Colleague: 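Before I ask anything, let me first share the structure, which is written out below as structure tokens.
Proteins get letters first, then strands, A, B, ... in listed order; numbering begins at 1 in each. Since the structure is predicted, the reported quantities are computational estimates derived from the model, not experimental observations.
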There are 4 protein chains.
Amino acid sequence: MTTRFHGVIPPVVTPRTADGAVDTASLERLTKYLLEGGVSGLFVLGSSAEVPYLTTEERDQVVRTIAGVNAGEVPLIAGANEQTTARVIDEGRRLVDLGADAIVATSQFYAISDARETDTHFRAIHAALDVPLFAYDVPVRTHFKLPLDLLTTLAHDGVIAGVKDSSGDDVSFRQLLLATRNIPDFAVFTGHEVVVDGALLGGAHGVVPGLGNVDPAGYASLYAASQRGDHAAAAREQDRLANLFNIVYAPTPGRVSPGAGGLGAFKTALMLLGIIDTNVMSAPMVKLDDTETRAIRSVLEHNGLL
Amino acid sequence: MTTRFHGVIPPVVTPRTADGAVDTASLERLTKYLLEGGVSGLFVLGSSAEVPYLTTEERDQVVRTIAGVNAGEVPLIAGANEQTTARVIDEGRRLVDLGADAIVATSQFYAISDARETDTHFRAIHAALDVPLFAYDVPVRTHFKLPLDLLTTLAHDGVIAGVKDSSGDDVSFRQLLLATRNIPDFAVFTGHEVVVDGALLGGAHGVVPGLGNVDPAGYASLYAASQRGDHAAAAREQDRLANLFNIVYAPTPGRVSPGAGGLGAFKTALMLLGIIDTNVMSAPMVKLDDTETRAIRSVLEHNGLL
Amino acid sequence: MTTRFHGVIPPVVTPRTADGAVDTASLERLTKYLLEGGVSGLFVLGSSAEVPYLTTEERDQVVRTIAGVNAGEVPLIAGANEQTTARVIDEGRRLVDLGADAIVATSQFYAISDARETDTHFRAIHAALDVPLFAYDVPVRTHFKLPLDLLTTLAHDGVIAGVKDSSGDDVSFRQLLLATRNIPDFAVFTGHEVVVDGALLGGAHGVVPGLGNVDPAGYASLYAASQRGDHAAAAREQDRLANLFNIVYAPTPGRVSPGAGGLGAFKTALMLLGIIDTNVMSAPMVKLDDTETRAIRSVLEHNGLL
Amino acid sequence: MTTRFHGVIPPVVTPRTADGAVDTASLERLTKYLLEGGVSGLFVLGSSAEVPYLTTEERDQVVRTIAGVNAGEVPLIAGANEQTTARVIDEGRRLVDLGADAIVATSQFYAISDARETDTHFRAIHAALDVPLFAYDVPVRTHFKLPLDLLTTLAHDGVIAGVKDSSGDDVSFRQLLLATRNIPDFAVFTGHEVVVDGALLGGAHGVVPGLGNVDPAGYASLYAASQRGDHAAAAREQDRLANLFNIVYAPTPGRVSPGAGGLGAFKTALMLLGIIDTNVMSAPMVKLDDTETRAIRSVLEHNGLL
């Protein structure tokens, strides 16, 4: 594995205080917990960080806090979450100034774009920034699946250094791995929690699991098993983590939005583990209530984390 | 018609110079052209303004320019185009400071939200701003249709002063008109170009047509016919405008994105009419080429505008 | 209006007995009720007839029953509801033998098709049948919107005699009206209940409203007002019918599927009006329960039908 | 592996003669080719068989032909491809009479249904048939993803004997494997071609790959490697097959529909391999042309099949 971007790179959640401010003390503890868990990198300002909900000031505060604790130990990959090219570039430059080692960008959103414009989009961002650029494929949010041939072209042209795939399309994921296998240092990450063993068997370079906030050591163990060729052990660890992932079914649909459910479960688990102080979410998302919190406690206990 | 927000309220496009800057001189001419065409209001920083592509500085420049020419003549309704509640509020406050008489906001996007959070979202924006708030229903961009019962509740609770409907769902549009008919000063606008006669027959208060940039007087005439009860005349004018709307089919799919096509056609028509200097689009959108421009010229000539 | 296919053409629902069989006695009473209500045609085996749920024998029984009562009084337009071309043709031939005066067909479904195949599809059906062919645009079921240019080409080539539009896309509806205006006897119908006044103002030739089962005379009155140019009267009648349409909100989501809800409301209303004996639905759809039935009774009473 | 339904179970394509009839001689050769390739079962009348396009007579002919060659050697799992419960039951009974050892059914389509009705749907089919019932999850065709909790409930209640997953959702696939792991003889198949190694690592019982028509021995080899715990060898074979899968990119979008493209590629490869006589498709699908055929020949040669 020659690329410095590889292994377990959790998307760090953003703790908030009871009154809704970014909770930097909790975020510092969480960052240490992840580093001690054996992660290889940190994905900063991802969807799991509630990045669309953060004001510009809050975004800066989050990057500064994580960068302060990390102090260069592992690479920081930061999400430049904006609607269109020019705004992404502005955002990306600021994040690089704050210490990001690489930038992640999605295709444009709210904008009604296409493959051709998306090609231009990534080339313009790459040209404007001095750090590696990762493409983030998250059609459930952007409503545009990054086409396989576009990603392959951008990879071979050196525009993107890798892809974070949260598309849920495991077929195109495998095909991307095959199509980029010979590009030095190109890195493909899966953003999913429960199929990491298969993704690594197929040649993936890393994993960006939201659940990695809760059990970073578990994902580090899964990754290590796969790296040493013990795929059966990786699958067993994956099964354990898949059971733990059931915390995301605790929130009540209707009461808690789809966006707030999974993230709320991760935050609630971290609160129960004593890593962060509250499970408060960015408004208008609501935090999990007592009943939902008890359900998560039960899953944690059942899986030996509590 | 008691509400001050009614009639023809075109979403003003954003002209750019050949080198891609906001072309304030062209924007001033366009604003005058619209006012002279008899519009009742101006929709500033809408999708037709390419608002997702504008940097914060460019957005301010656009509002200032239009407000300067308008000088209070008609109400300015401005779009606070941001992903989530807190960011919309920040954006809305700035636009009010720049002269907006009302704010338009969509549901959250990129965020994966639901009806309950959207209710909170609009209530928080309303509470934070001192001007009327319009809900903008544009699921083709937000990928969330504002539910009829949510809009009705927000209307009756005085949270929203009206709705700009670009949902393409004429059934829910009519039902919204019926459900809000007795709310004083509540205004429902259609954002579509070619079914304005039917919308007005059903009780709509206004229209926000992108094509209104090109032929403001035509829409003013359609609206006036409908107001005086001459629906057959309104339908004839609508048919004429529907034929003119065929300029949006000039761009070549694949070469020009869906987002750039219609807007590019409006800009190209305005350039051919001598109102603005270029048909340059915000990057990465491409402008219409010579062939496409000729097709638009032909439609304009065929419909008597050239 | 030169085409024999015009005016109010309700999609006749399929009554069932308490034990789930097709209730031919109720269907005969319903057919008479519709004819006495002043309808200009009958749409047989449409989605409102629960056609996908009917076995082949039941479909034949329905056509025979309606044809028997109608006895040639108004044209029968029958839906040949099958997945692909060859199967539609087989179905269409049988329906013509049973007395259908015209056949309605959708694009292929379950099949993953495209515009080019759909063109071939309609041409093959047209070539195989001796009666006029209508295209049924219902993307909520087929998941394929019939493209405007395809419909226009098929219309000008004499392949289709008309379109039944249930697409909910009022923009393309108006554009279809304009593009086919000069084709003799070409007929465009709206399948929606609450925007008929606007559709007729724009030039539509007919309406196929599920709610027309419940209040055929109301739609006949709306159509007549529009035909004599009294669009304001048409709009008032439309508003009344739009209020009556609120019966479709009586079913409880979750308990009753989206497909069963509206149809169940129409059947329940007809039962309360004494036209049909039960509100039983085709399995696995469930009938409306007592609470939902009371809500519908209340809407009927409030609108003067009971 | 206790269930008799496991291993490689290719969905047999339906060869046609030059004039469009079902080519039973080619189908017999293909069936022998698959059995000699080491498959463990045959999936009859699946989407790869173009089942929606086959008339009832053609469907019978296909089942009879395959059953005749197979003569009980491996289990036949047959697709009862109809829109709604009653029609699926009629279809399933006929297929069982023709020799099917198990029936596969999707959720209802064209119908607008929900989870509750789908539960009733599968229970009714199970009650009506004397053979095991498999649920086929193919939202790209049905536009309804079978919910994980519904499948789990139906599995634990003995309603379904297994699931054929073509949903493309590898997360829910893994969760289904975990949730049904302790049910004796319950079988979960992946319908995807290029992620079989990962699916088997996660505990899948079988694979139903369209590409298995072309290279049954390759999939048999992959499956055997996985069964003996040599996951790295399975991954290498998977990579080879993923490269072979590139034949599906030979068809030209626009000329060939999405539905016809992959199937046309499989048929064309089988024609080039001398297994079937033509690559004719069911109308209105078009067969691949000379250029596309050459591209497929090149992929076959490059991968050592020619």
Colleague: For residues 47-56 of chain A, give me every residue with a non-hydrogen atom less than 4.5 Å from any non-hydrogen atom of chain B.
Modeller: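 Only Ser47(A), Pro52(A), Tyr53(A), Leu54(A), Thr55(A), Thr56(A) of residues 47-56 of chain A have a heavy atom under 4.5 Å from chain B.
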Colleague: Using a 3.5 Å distance criterion without hydrogens, assess whether the side chain of Glu82(A) forms a donor-acceptor pair with backbone atoms of Ile89(A).
Modeller: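 No, because the side chain of Glu82(A) does not come within donor-acceptor range (under 3.5 Å) of the backbone of Ile89(A).
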Colleague: Given Phe189(B), which of Tyr136(B), Phe134(B), Phe173(B) fulfils the ring pair (Phe, Tyr, Trp, His ring centres under 6.0 Å) condition?
Modeller: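 So, applying the ring pair (Phe, Tyr, Trp, His ring centres under 6.0 Å) to Phe189(B) and each of Tyr136(B), Phe134(B), Phe173(B), only Phe134(B) qualifies.
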Colleague: Is there a donor-acceptor pair closer than 3.5 Å between any side-chain N or O of Asn213(B) and the backbone N or O of Gly210(B)?
Modeller: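 Side chain of Asn213(B) to backbone of Gly210(B), a donor-acceptor pair under 3.5 Å: yes, one is there.
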Colleague: Which residues from residues 151-161 of chain A are near chain B, with near meaning under 4.5 Å between non-hydrogen atoms?
Modeller: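 Checking residues 151-161 of chain A against chain B gives no residue, so none.
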Colleague: Can any side-chain N or O of Asp137(B) pair as donor or acceptor with the backbone N or O of Leu146(B) at less than 3.5 Å?
Modeller: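 Yes; judged by distance alone, with no hydrogens or angles, the pair exists.
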Colleague: With only heavy atoms counted, which part of Asn81(B) is less than 4.5 Å from chain A, the side chain, the backbone, both or neither?
Modeller: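 Both backbone and side chain of Asn81(B) come within 4.5 Å of chain A.
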Colleague: Can you tell me which portion of Arg123(A) sits under 4.5 Å from chain B's heavy atoms? Options are side chain, backbone, both or neither.
Modeller: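 Contact with chain B: none, neither part.
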Colleague: Give a yes or no on whether Asp130(A) atom CG has more than 12 heavy-atom contacts from other residues, nucleotides or ligands under 6.0 Å away.
Modeller: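 Atom CG in Asp130(A) is not packed in, count stays at 12 or less.
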Colleague: Taking the basic N atoms (NZ, or NE/NH1/NH2) and the acidic carboxylate oxygens, is any pair closer than 4.0 Å for Glu292(A) and Arg255(A)?
Modeller: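 Counted as a salt bridge, because a side-chain N and a carboxylate O are separated by less than 4.0 Å.
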Colleague: Using a 4.5 angstrom heavy-atom cutoff, name the option from His121(A), His143(A), Gln108(A) with the most pairs to chain B.
Modeller: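 The residue among His121(A), His143(A), Gln108(A) with the greatest pair count is His143(A).
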Colleague: In sequence, state the C-alpha distance, the side-chain angles, and the governing distance for Val207(A) and Ile9(A), and then conclude on side-chain contact (heavy atoms from CB on, under 4.5 Å).
Modeller: CA-CA 6 Å; Val207(A) 49; Ile9(A) 308 170; over 6 Å; no
Colleague: Does Asp119(A) reach the side chain of Phe122(A), with side-chain heavy atoms less than 4.5 Å apart?
Modeller: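 With C-beta onward as the side chain, the pair stays apart.
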Colleague: Side chain from CB out, backbone as N, CA, C, O: work out which of these in Val138(A) comes under 4.5 Å of a heavy atom of chain B, or both, or neither.
Modeller: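 For Val138(A), side-chain heavy atoms alone lie under 4.5 Å from chain B.
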Colleague: Between His192(B) and Gly168(B) (side chain of the first, backbone of the second, donor and acceptor by atom type, cut-off under 3.5 Å), is there such a pair?
Modeller: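 A pair under 3.5 Å: yes.
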Colleague: Of the backbone (N, CA, C, O) and the side chain (C-beta and beyond), which part of Glu58(B) lies under 4.5 Å from a heavy atom of chain A, both, or neither?
Modeller: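 For Glu58(B), there is no contact with chain A at all, as no heavy atom is under 4.5 Å.
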Colleague: Please identify, among Ala86(B), Gly259(B), Ser257(B), the residue contributing the most non-hydrogen atom pairs under 4.5 Å to chain A.
Modeller: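 So the answer, after comparing Ala86(B), Gly259(B), Ser257(B), is Ser257(B).
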Colleague: Going by heavy atoms in the side chains, are Thr118(A) and Leu150(A) under 4.5 Å from each other?
Modeller: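 Touching, per the 4.5 Å side-chain cut-off.
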Colleague: Against chain A, label Ala124(B) side chain, backbone, both or neither, depending on which of its atoms sit under 4.5 Å from a heavy atom there.
Modeller: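 No part of Ala124(B) comes within 4.5 Å of chain A.
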Colleague: Select, from Gln83(B), Met285(B), Glu117(B), the one with the greatest count of heavy-atom pairs under 4.5 Å involving chain A.
Modeller: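 If we count pairs closer than 4.5 Å to chain A, Glu117(B) comes out on top.
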Colleague: Any side-chain heavy-atom pair from Val96(B) and Ile103(B) closer than 4.5 angstrom?
Modeller: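 Yes; the side chains approach each other to less than 4.5 Å.
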Colleague: How long is the straight-line distance from CZ of Arg93(B) back to CD of Glu91(B), given to the nearest 0.5 Å?
Modeller: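 If I round to the nearest 0.5 Å, the distance is 12.5 Å.
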Colleague: Within the structure provided, determine whether Thr106(A) and Phe144(A) are in side-chain contact (heavy-atom separation under 4.5 Å).
Modeller: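 A side-chain contact is absent here, since even the closest heavy-atom pair is not under 4.5 Å.
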